[in-house]
Amino acid sequence: MSYLEFLAEFGPRFVDGSVVTAMQTVLAAALAIAIAVAMGLMRLSRSVPVRWFATVYIEIFRGTSLLVQLYWIFFVLPLFGISLEKFTAGFVAVGMNLGAYGAELVRGAILSVPKGQWEAALALNMSPAKRMIRVIFPQAFLNMLPPWGNLLIELLKGTALVSLISVADLMFESKQINSTTFLSAQAFGTALVIYYVMSRFVITPFMRWLERVMARKMGRA
Amino acid sequence: MTKETLSDFPLELEGADVPMVRFSKVTKRYGDLTVLDSLDLDVAEGEMVTIIGPSGSGKTTVLRMLMTLETINEGVIYVDGKPLTHMPGNGGLVPADNRYLRKMRANIGMCFQHFNLFPHMTAIENCMEGPVHVLGLPKREARERSEELLEMVGMADKRDQHPSRLSGGQQQRVAIARALAMRPKVMLFDEVTSALDPEVIGEVTNVIRRLVAEHNLTMLMVTHQMGFAKDISDRVCFFFGGRIEEQGKPEDLFGNPQRERTQQFLSAVKEAS
Ligand SMILES: Nc1ncnc2c1ncn2[C@@H]1O[C@H](COP(=O)(O)OP(=O)(O)OP(=O)(O)O)[C@@H](O)[C@H]1O
Ligand SMILES: [Mg+2]
């Protein structure tokens with residue numbers, strides 16, 4: 001079977017798998033961003049319990065393996081009465097894991113905003129929330145875009161693990177094709193190329209574009 | 001911040017000539033280092049007081065405490081007769097809560113040595129930020145007010161530029177407009193020309209001169225420019241070791257300083273320039 005024939009036969013399944021991978025990536029990214037912002041801010045909170053909660057969260061999710069977390073969420077949580085569908089369990093696990101890494105980016109970016117900006121905002125009598133939302137966060141956001149680009153690529157690659165709980169993503173389809181055809185090089189080679197294209201030709205350019213747009217908006221271009 | 005109730009300070013200053021600003025036995029420490037040592041200082045309404053003194057003598061600290069950027073260890077600061085970081089309670093004065101602090105902070109505006117403009121906002125957005133998002137003015141009104149002020153500081157034509165496109169002198173003028181847009185009763189200037197190239201210092205000092213001449217603002221200014229201080233101040237305070245070593249009218253303090261430390265400082269400054 002030539003590679004073209006291979007593609008003609010299995011192309012649609014690669015497409016289906018890629019769509020699922022893309023959906024997993026987008027949903028996990030949205031969750032990761034929300035968690036990262038929340039945990040990053042909580043890490044900077046004045047309240048000790050709040051800070052402590054965020055630290056424990058970050059430690060657990062960064063200190064243990066994503067695969068184990070995924071299995072926990074899919075196989076162990078139901079024992080405590082929380083059952084998630086496999087598709088949901090997949091992006092929730094990836095999002096919660098990468099969100100813990102993102103939290104440190106958020107925290108670092110906020111701390112990197114010069115102290116004078118906080119002081120100027122206070123001198124204008126802004127409330128703590130306004131200071132954060134109007135002055136600090138927009139600047140921190142611009143600072144953290146480049147590392148977020150890397151993190152989102154990690155996240156995309158991380159979604160391959162959801163195949164292990166039978167979410168029919170790109171990796172899952174490739175494995176299925178491999179096990180029925182034994183064309184390992186074609187099956188996993190195609191997957192490899194698609195992952196690469198998604199990260200280098202979709203995520204990276206998107207992040208560059210976002211950086212440019214934000215930099216222009218903030219007068220740094 | 002003192003946690004206990006202060007009972008030997010008045011809850012409010014009353015009488016005919018309540019100063020706009022009063023430091024009453026104010027002490028500020030960082031660890032073992034006493035930066036302000038039981039400082040007493042009054043500034044009358046509409047008065048321009050300049051603070052001079054050697055590095056580390058506590059000049060910036062005075063302004064930062066007034067702006068509530070630093071906490072107070074002992075004593076009370078009054079602004080317009082009311083305690084700044086304390087409020088009545090428990091039969092005396094207790095540390096103020098956030099609501100009280102925000103009400104009092106509205107009286108004060110500050111300009112910093114390094115401008116601290118918001119880099120993600122244009123000149124006019126910097127000026128409108130406080131009026132819109134703190135005072136709650138309608139955008140149109142805030143814009144008018146900001147345009148007027150930018151006009152006054154000579155920055156109207158650069159209103160839509162981001163700070164990164166402006167020179168230091170221009171940024172500082174925008175920062176002055178931004179502070180004034182909040183209509184404070186007291187303006188604080190901390191070495192606002194120190195970070196500027198010599199040739200643009202005049203742009204900024206001229207704005208301050210105009211403020212002094214045309215407005216009845218109460219101002220406290222820290223500067224190393226003795227000539228400028230001499231020109232525009234109603235009173236000059238020479239700080240040394242967290243205390244006022246000597247103060248007086250500029251012509252007296254510069255022309256005929258009484259204390260030895262003042263004389264030494266002034267002659268050292270003269271030599272350096
Ligand atoms: N956050 C801080 N922690 C510890 N020490 C501080 C802090 N801020 C200021 N100081 C110290 O307090 C003293 C007074 O500082 P301040 O900034 O008021 O001096 P200054 O008179 O403004 O000096 P300069 O002319 O150099 O600006 C200095 O010895 C300084 O090192
Ligand atoms: Mg200083």
Side-chain angles (χ1 to χ4, degrees), chain A residues 33 37 40-41 44-48 50-51 105-148 207-221, chain B residues 60 63-64 66-70 98-99 101-123 125-136 158 160-166 171 174-176 178-184 186-190 195:
Chain A
I33 290 166
V37 170
L41 290 175
L44 296 166
S45 164
R46 254 191 254 172
S47 146
V48 175
V50 169
R51 233 167 35 222
L105 297 185
V106 171
R107 176 173 164 273
I110 287 172
L111 290 177
S112 76
V113 176
K115 215 170 113 246
Q117 293 291 311
W118 291 92
E119 296 183 346
L122 185 97
L124 287 180
N125 209 4
M126 297 174 108
S127 67
K130 284 263 162 71
R131 291 203 290 267
M132 180 55 79
I133 294 167
R134 304 275 323 159
V135 175
I136 305 303
F137 200 80
Q139 298 181 54
F141 183 69
L142 191 56
N143 290 345
M144 68 185 155
L145 279 179
W148 266 103
M207 291 305 287
R208 291 272 152 75
W209 170 82
L210 193 60
E211 279 169 45
R212 267 201 316 277
V213 170
M214 293 317 290
R216 192 164 341 113
K217 245 184 142 170
M218 303 200 184
R220 282 211 210 156
Chain B
T60 296
L63 301 193
R64 289 176 59 84
L66 252 176
M67 193 66 259
T68 69
L69 290 168
E70 303 287 345
N98 281 329
R99 223 177 107 202
L101 263 180
R102 287 199 68 206
K103 205 179 78 203
M104 288 306 291
R105 211 184 272 133
N107 293 312
I108 322 266
M110 182 163 182
C111 293
F112 301 86
Q113 183 174 349
H114 296 287
F115 335 127
N116 300 352
L117 288 179
F118 304 135
H120 54 300
M121 301 180 195
T122 62
E125 285 166 354
N126 264 279
C127 296
M128 290 170 61
E129 182 64 19
V132 172
H133 293 279
V134 177
L135 304 181
K158 303 265 187 208
D160 295 322
Q161 299 286 350
H162 281 88
S164 57
R165 297 287 186 84
L166 302 176
Q171 288 187 56
V174 174
I176 294 173
R178 175 177 73 174
L180 291 173
M182 300 298 283
R183 305 247 165 106
V186 183
M187 272 289 285
L188 311 173
F189 298 96
D190 187 14

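Quick caveat, the model's predicted, so the values are computed rather than measured. Convention: sequence-line order gives letters A, B, ...; per-chain numbering from 1.
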*asked:* What's the separation between atom CG in A:Leu122 and atom CG in B:Asn116, rounded to the nearest 0.5 Å?
replied: 12.0 Å
_Tell me every residue that passes side chain to side chain donor-acceptor pair (under 3.5 Å) with A:Ser112, counting only those two or more places apart in sequence or in another chain._
A:Asn143
*Kindly write out the residues that satisfy side chain to side chain donor-acceptor pair (under 3.5 Å) with A:Gln117, not counting sequence neighbours, or none if the list is empty.*
A:Gln139
Side chain, backbone, both or neither of [X] within contact of chain A (heavy atoms, under 4.5 Å):
X: B:Thr122; value: neither
X: B:Leu117; value: backbone
X: B:Ile108; value: backbone
X: B:Phe112; value: side chain
X: B:Gln161; value: neither
X: B:Met182; value: side chain
X: B:Arg178; value: both
X: B:His133; value: both

_If we ignore hydrogens and angles and just use 3.5 Å, is the side chain of B:His120 paired with the main-chain N or O of A:Arg134 as donor and acceptor?_
yes
*Is the count of non-hydrogen atoms from other residues, nucleotides or ligands lying under 6.0 Å from A:Arg208 atom CZ greater than 12?*
no
*When B:Arg102, B:Met110, B:Met121 are compared by non-hydrogen pairs under 4.5 Å with chain A, the top option*: B:Arg102
_At a 4.5 Å cut-off on heavy atoms, which part of A:Lys130 comes close to chain B: side chain, backbone, both, or neither?_
side chain
*Please report the closest heavy-atom contact between B:His162 and A:Arg216, naming both atoms and the distance.*
CE1-O, 4.4 Å
*Options A:Leu142, A:Asn125, A:Leu124, A:Val135, ranked by heavy-atom pairs under 4.5 Å with chain B, top entry*: A:Asn125
_Within-4.5 Å side-chain heavy-atom neighbours: A:Glu119 and B:Met67_ = no
